[in-house]
Amino acid sequence: TMKNYLLKFEKYILSIRKHISRLKKKNPFEIIILSIGLVFLLLLYFTIPIFYNYQNFDKEIQKKVSKDFKLDLKNIKGIRYLILPTPHFLIEECDLYFSHDSKERILNVKKLKINVYFKNLHRKEKIELKNINVNKADLDLQFVDIKNFYNHLKYNISKPIYFNNSNFFFRDQNEKIILISKIKKFQYFFNFEKKEKKLNILGNLFGSNFDFKWEKNYSDPYISESSVRFRNPNISIYNKFNLFDNNFTKAKTSVRFLSNYLDLDYQFNKNNIEFFDNKSKNKIINRSTFVGNIKLDPFFFDLNLILSGVKIQTVLNNLFLNLHKTNKTSHLNFNGNLKINLNEINSRLFENLVLKINFLEKKINLNGSSLNLKKIGKINFSDPIIYEKNQKIFIKSKIKFDVENQQELYRKFLIARQNRIDLNKVYFEVEYNIDDGNYFVSNINFDANQNNQSIFQEVKNIQQLNNLISKEFKKVTLD
């Protein structure tokens with residue numbers, strides 16, 4: 001039979017290889033002839049699968065793919081065997097599904113390449129699959145697809161799956177595209193020798209090239225690690241998850257942006273996320289941290305973000321812009337408290353910014369926020385509001401300034417001796433144009449009950465602020 005013939009053919013090749021090794025030192029010319037013959041026979045061996053009939057091979061390859069890759073191939077159209085560049089099957093078109101979810105199609109693939117191992121090419125039913133290659137595909141993904149892939153990543157052992165030069169489209173629940181990522185290389189595989197499962201992605205997101213890596217070593221299967229690095233801007237994120245305890249997952253996340261660091265030590269389960277301060281890392285320069293608690297049902301958070309090495313202008317601009325967006329779209333059940341501390345401020349005038357933000361039933365409140373004036377006193381914000389005017393974003397707040405050192409106040413703002421008075425508090429309003437970075441200050445009062453009309457004057461620099469304050473003190477002494 002054909003099967004017996006192919007078995008004899010394989011044994012014949014092996015006998016020739018042994019014969020060549022014996023003749024290495026005896027007859028070089030004979031070795032050359034036999035080597036040419038061996039190459040010819042090997043080429044003949046690799047081309048054997050070309051002569052198979054693949055009309056009814058669909059079910060066979062479906063079984064192999066399901067077993068080796070935990071994927072289902074459906075609606076297969078055309079299977080060919082090709083020898084170059086390496087032996088492989090080429091499926092002209094098919095639909096790809098996860099084995100555990102036969103309803104949600106991952107994608108329709110054209111020219112699906114399945115590489116095979118060299119051995120057993122003479123027995124069609126025993127050909128072993130090596131890896132799957134998809135090139136220039138467009139993956140249209142929704143949340144259910146991400147969930148299915150996570151389950152595949154978490155529970156399945158798979159032979160290598162590769163995507164090259166493809167596009168990933170992510171859609172929301174309304175099927176609107178919210179994210180597009182160009183993927184140069186997607187490598188998903190299990191290293192049987194090292195007992196490691198790995199996922200490597202090289203691509204582009206938001207116009208920035210990134211390199212993502214995820215791995216789990218099954219000698220310690222409770223721990224998984226991942227990292228992502230963006231090239232421009234230079235951002236690195238590292239994650240480590242420990243699933244040893246059934247009650248909760250322990251995790252560490254480190255974020256590096258330029259020369260700034262944010263470290264998160266936390267644990268979570270289906271009901272709660274708790275953040276801790278890892279004080280052993282306090283010696284790191286420009287290190288920020290996050291502490292507090294998030295309850296998931298009902299949703300409520302109480303968080304403290306301690307920032308270091310960040311410019312006050314950067315904090316305020318990003319915070320107020322995001323608060324303005326949140327105020328427009330906030331959900332009735334988005335409730336909680338967020339406290340932001342910026343202790344290290346690179347400023348000759350200010351220090352220790354504290355922002356207290358309360359979210360309650362679609363309302364945002366910043367009362368209780370404060371900023372210290374170095375060696376002089378404390379600025380307290382009340383009734384701050386964020387609003388839009390002439391297509392620009394503004395924040396306006398009432399200010400109560402507690403004076404703790406009068407002499408330093410007068411020295412700093414160059415108040416003449418004849419204009420100095422005994423005071424403990426100063427009241428005024430401040431308005432800040434987030435888009436242009438301009439500050440405006442209203443009439444300054446030294447009496448909380450005095451109710452003047454608010455007339456805002458622009459303050460561009462410290463000299464203008466000195467002149468404004470000096471004028472107000474002159475008014476008081478003249479009165």
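Keep in mind the model is a prediction, meaning the values are calculated, not measured.
A donor-acceptor pair under 3.5 Å links the side-chain atoms of S166 to the main chain of A137, judged by distance alone. Of the possible donor and acceptor atoms, one in the side chain of N217 sits under 3.5 Å from a partner among the backbone N and O of S219. Here the side chain of N419 pairs no donor or acceptor atom with the backbone of I415 at under 3.5 angstrom. No donor-acceptor pair under 3.5 Å is formed between the side chain of N390 and the backbone N or O of K392. Without hydrogens or angle criteria, K400 side chain to F381 main chain gives no donor-acceptor distance under 3.5 Å. A distance-only check finds no donor-acceptor pair linking the side chain of S226 to the backbone of K213 [under 3.5 Å]. The main-chain N or O of T86 is found under 3.5 Å from a side-chain atom of H88 such that the two form a donor-acceptor pair.
Donor-acceptor pairing under 3.5 Å is recorded for the side chains of S254 and D263. Donor-acceptor pairing under 3.5 Å is lacking for the side chains of N271 and D297. D72 and Q62 share no donor-acceptor pair across their side chains, judged by distance under 3.5 Å alone. For N269 and N247, the side-chain atoms include no donor-acceptor pair closer than 3.5 Å. Under 3.5 Å, the side chains of T253 and N239 contain a donor-acceptor pair of N or O atoms.
Between F149 and the options Y97, F143, F170, Y188, a ring pair (Phe, Tyr, Trp, His ring centres under 6.0 Å) holds for only Y188. When each of R105, K77, K74 is tested with D95 by the rule salt bridge (charged side-chain N to carboxylate O under 4.0 Å, His left out), just one qualifies, namely R105.
Counting only residues at least two apart or on different chains, the salt bridge (Lys or Arg N to Asp or Glu O under 4.0 Å) pairs with a member in residues 377-386 are D383-K398. Sorted by first then second residue, the side chain to side chain donor-acceptor pair (under 3.5 Å) pairs that include residues 154-164, not counting sequence neighbours, are D68-K159. Listed by first and then second residue, the side chain to side chain donor-acceptor pair (under 3.5 Å) pairs that reach into residues 170-186 are D140-R171, sequence neighbours excluded.
When all heavy atoms of K295 and N272 are compared, the pair lying nearest together is CG-OD1, 3.7 Å. Taking every heavy atom of both residues into account, A251 and F241 meet most closely at CB-CD2, 3.5 Å. Contact between L112 and N133 at its shortest, heavy atoms only, is CD1-O, 3.8 Å. When all heavy atoms are compared, the tightest approach of D422 to Y410 is N-OH, 4.4 Å. Shortest non-hydrogen contact noted between L71 and S99 is N-OG, 3.0 Å. Here the closest heavy-atom approach between residue S370 and residue N380 is recorded as CB-OD1, 4.0 Å.
F69 is listed as a side-chain neighbour of L129, based on a closest heavy-atom distance under 4.5 Å. Here the side chains of F301 and N293 are not in contact, with every heavy-atom distance at 4.5 Å or above. Counting only heavy atoms from C-beta outward, the side chains of N165 and N135 approach each other to under 4.5 Å. With contacts defined as side-chain heavy-atom distances shorter than 4.5 Å, the pair I61/I76 qualifies. Proximity of Q187 to L199: side-chain heavy atoms (C-beta onward) are nowhere separated by under 4.5 Å. Contact annotation: the side chain of F189 never approaches that of N131 to less than 4.5 Å [non-hydrogen atoms, C-beta and beyond]. Residues I376 and Q406 form no side-chain contact, since every pair of their non-hydrogen atoms from C-beta on lies 4.5 Å or further apart. Inter-residue side-chain proximity for I235 and R229 is flagged as unmet; no heavy-atom pair is nearer than 4.5 Å.
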Derivation of the side-chain contact (heavy atoms from CB on, under 4.5 Å) call for D145 and K147: CA-CA 5 Å; D145 301 307; K147 184 179 178 182; over 6 Å; no
side-chain contact (heavy atoms from CB on, under 4.5 Å) evaluation trace for L303 with K339: CA-CA 6 Å; L303 300 169; K339 183 180 178 183; over 6 Å; no
Residues L264, V255; criterion side-chain contact (heavy atoms from CB on, under 4.5 Å); working and verdict: CA-CA 8 Å; L264 304 176; V255 182; 5.7 Å; no
CA sep, side-chain torsions, deciding dist, call: I223, K240, side-chain contact (heavy atoms from CB on, under 4.5 Å): CA-CA 7 Å; I223 294 176; K240 184 177 182 179; 3.8 Å; yes
Step-by-step side-chain hydrogen bond (donor to acceptor under 3.5 Å, both in side chains) determination, E93 to N108: CA-CA 7 Å; E93 186 177 355; N108 174 263; 3.3 Å; yes
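No more than 12 heavy-atom neighbours from other residues, nucleotides or ligands sit within 6.0 angstrom of OH on Y222. Environment of NZ in K374: crowded, with over 12 heavy atoms of neighbouring residues, nucleotides or ligands closer than 6.0 Å.
For the atom pair L202 CG and N209 CG, the distance stands at 7.5 Å (nearest 0.5 Å). Separating the CD1 atom in I106 from the CG atom in L141 is a distance of 9.0 Å, to the nearest 0.5 Å. Distance CD/E404 to CG/L409: 11.5 Å, rounded to 0.5 Å. Taking CG of L355 as the reference point, atom OG of S369 lies at 5.0 Å (rounded to 0.5 Å). Atom CG in L243 sits 12.0 Å away from atom NZ in K250 (nearest 0.5 Å). Distance check, rounded to the nearest 0.5 Å: CG of N335 to CG of D302 gives 12.5 Å.
Aromatic ring centroids of F428 and F401 lie 6.0 Å or more apart. Annotation: F440 is not in aromatic contact with F456 [ring centroid separation under 6.0 Å not met].
In this structure, the salt bridge (charged side-chain N to carboxylate O under 4.0 Å, His left out) partners of E196, at least two apart in sequence or on a different chain, are K198. With sequence neighbours left out, F210 forms a ring-ring contact (aromatic ring centres under 6.0 Å, His included) with F230. Under the ring-ring contact (aromatic ring centres under 6.0 Å, His included) criterion, F190 pairs with F192, Y218, sequence neighbours left out.
A salt bridge does not link E92 with K110: every distance from a Lys NZ or Arg NE/NH1/NH2 to an Asp or Glu carboxylate oxygen is 4.0 Å or more.
In this structure, F275 and F290 have perpendicular ring planes: the angle between them is above 60°, well past the 30° mark. The aromatic rings of F186 and F163 lie perpendicular to each other, with more than 60° between the two planes, well past the 30° mark.
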